Amino acid sequence: MSQPEVRVRYAPSPTGYPHIGNIRTALFNWLFARHTGGRFIVRIEDTDQSRKVEGAVEQILESLRWLGLDWDEGPEAGGDCGPYFQSQRLDRYQRHARRLVESGHAYPCYCSAERLAQMRARMAERKESQRTYDRHCRDLGAEERARLEAQGTVPVIRFRVPESGQTTFHDLIRGDITFANAELDDLVLLKSDGYPTYHLANIVDDHEMGISHVMRADEWLSSTPRHVLLYAASGWTPPLYAHLPMILGPDKSKLSKRHGATALLEYRDEGYLPEAIFNFLALLGWSLDDKTDIIGRADLISSFSLERISRTAAVFDIKKLQWMNGFYIRQCSPGQLAQRALPFFERELPAGVKRPLDLEYLGRVAALLRERAKTLRELPASSGYFFVDEVDYPVDLLLQGGLAVERGRGLLQACVPLLEAVPEFDAASLEAPLRALAEESAVKTGELFGLLRVAVTGRTAAPPLFETMVVLGRERCLGRVRLAAARLAAAGA
Ligand code: GLU
């Protein structure tokens, strides 16, 4: 027997910018679709018009694109089950709500907002029930209904939830889960303005779009018995469910803004690479073998499985993400790194630096700077000396290592002919004569190299000296060494 086709969906509500948790849901669905050769569908759940956030849909799609989570059906891509915006599917929900009323599984409720508020206050006072509706309209007679209709009261449609019994469903990650029906409300399916609630739109679409597996965040688990009952009332087979473990901050509270950047694209703007975020997110609740940290995209696709999604909450560890990002930064070729780091250099380098920056040169600079960088954004920090003609620094900095003025000047001057003479201006050719100079002059190599480092970079901390000099080039180094010697001479005079 052939397996039914896997069709999974990412169904965000555009009520805010997608954060790590939302996108982890998208990634797991995508990985499952790609692993099984199924289809990944994006559906925008935009029926709550009052909570809609301007620009959120664009952010959602841009986040997916940035991570390379391509979708087979959805906004922009189209597909046979469109439209993929719920706000464009209202007639379908209305039709289905009517069907449920006709079959006796749902009923119109005419209760006013005031009545509901009073009822809730009363129920809360008496600590009667966890429910939010007393089922007042559940069994209204036809006459009473007609009277209310004649008054022009527009009803909502509520689901007639069984009053007793239990609802059990199987979750692929957590096993069988049972809820007592008595705990469930007669929830609203269709609001009086003709818009569906999340529950109605969600089940209609999952059914009509042929969704095979619903993989979503843990927080939706309590909605699932309602959905299972709605499927049964509709005469439909529910999809398979897999509720993903929660993501906690390092302090073990639910992940929130306090734990760092929240919108996914903020990580992009901070200089995280999409492949690092991709790898990191995949391990938030899934693991290959409990020890492998670095897993590339292709390996994640081939090894992803629902069986290895954990039941326990995942902990978001920013230090791990930074470490991973550093790893992926060091994986880039100088050319790739230059391309990717360009916007950060463009933004961070002082206005006086000549633009456009030369990409070949930038690649060589970035390859040097990246050794300790955790983000692309850190690369341009304190690297201005690679881009300006002259470096500026307090002259005392040259003598940091404890050298006397005259001695420092003499050493720098002795460097000049050496730098002029090396046949190839590369790290290996520079090292030997400079070490020999230190020895002849009876200074520690550290003292000489420290002096040179300040002369050529204006800083006491920089990437390895010889590699830095090679990138700067012979002429620029010579100019800076001569200038440093002249400054010491002036200082000593
Ligand atoms: N629109 C819901 C959300 O934003 C989708 C929940 C679901 O996947 O069923 O999370």
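Read the numbers this way: they start at 1 and go in the same order the structure lists the ligands and their atoms. Bear in mind the structure is a predicted one, so any value in this text is a computation, not a measurement.
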SB check D186 R135 (cutoff 4.0 Å):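 R135 and D186: salt-bridged.
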- prompt: Is D171 salt-bridged to R311, going by a charged N under 4.0 Å from an acidic O?
  reply: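 Looking at R311 together with D171, the answer is no, because their closest N to O distance does not fall below 4.0 Å.
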- prompt: Counting heavy atoms only, which of G21, A11, A217, P12 is nearest atom 2 (C) of ligand 1?
  reply: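 Comparing heavy atoms across G21, A11, A217, P12, the nearest one to atom 2 (C) of ligand 1 lies in A11.
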- prompt: Do other residues, nucleotides or ligands put more than 12 heavy atoms under 6.0 Å from the CD atom of E143?
  reply: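 No.
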task: Count the heavy atoms belonging to other residues, nucleotides or ligands that lie under 6.0 Å from CZ of R372, then report whether that count exceeds 12.
output: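 Incorrect, the count does not exceed 12.
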Would you mind listing which atoms of ligand 1 come within a distance below 4.0 Å of any non-hydrogen atom of [X]?
| X | value |
| --- | --- |
| E45 | 1 (N), 2 (C), 5 (C) |
| N202 | 7 (C), 9 (O) |
| S13 | 1 (N), 2 (C), 3 (C), 4 (O) |

query: Does even one non-hydrogen atom of Y10 get within less than 4.0 Å of ligand 1?
result: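 The answer is no, since Y10 has no heavy atom less than 4.0 Å from ligand 1.
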field: Protein heavy-atom partner closest to atom 8 (O) of ligand 1 - residue, atom, separation in Å
entry: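 Answer, as residue, atom name and distance: R9 NH1, 2.7 Å.
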query: Quick one: CG on L300 to CG on L31, what's the gap to the nearest 0.5 Å?
result: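 Between atom CG of L300 and atom CG of L31 there are 6.0 Å.
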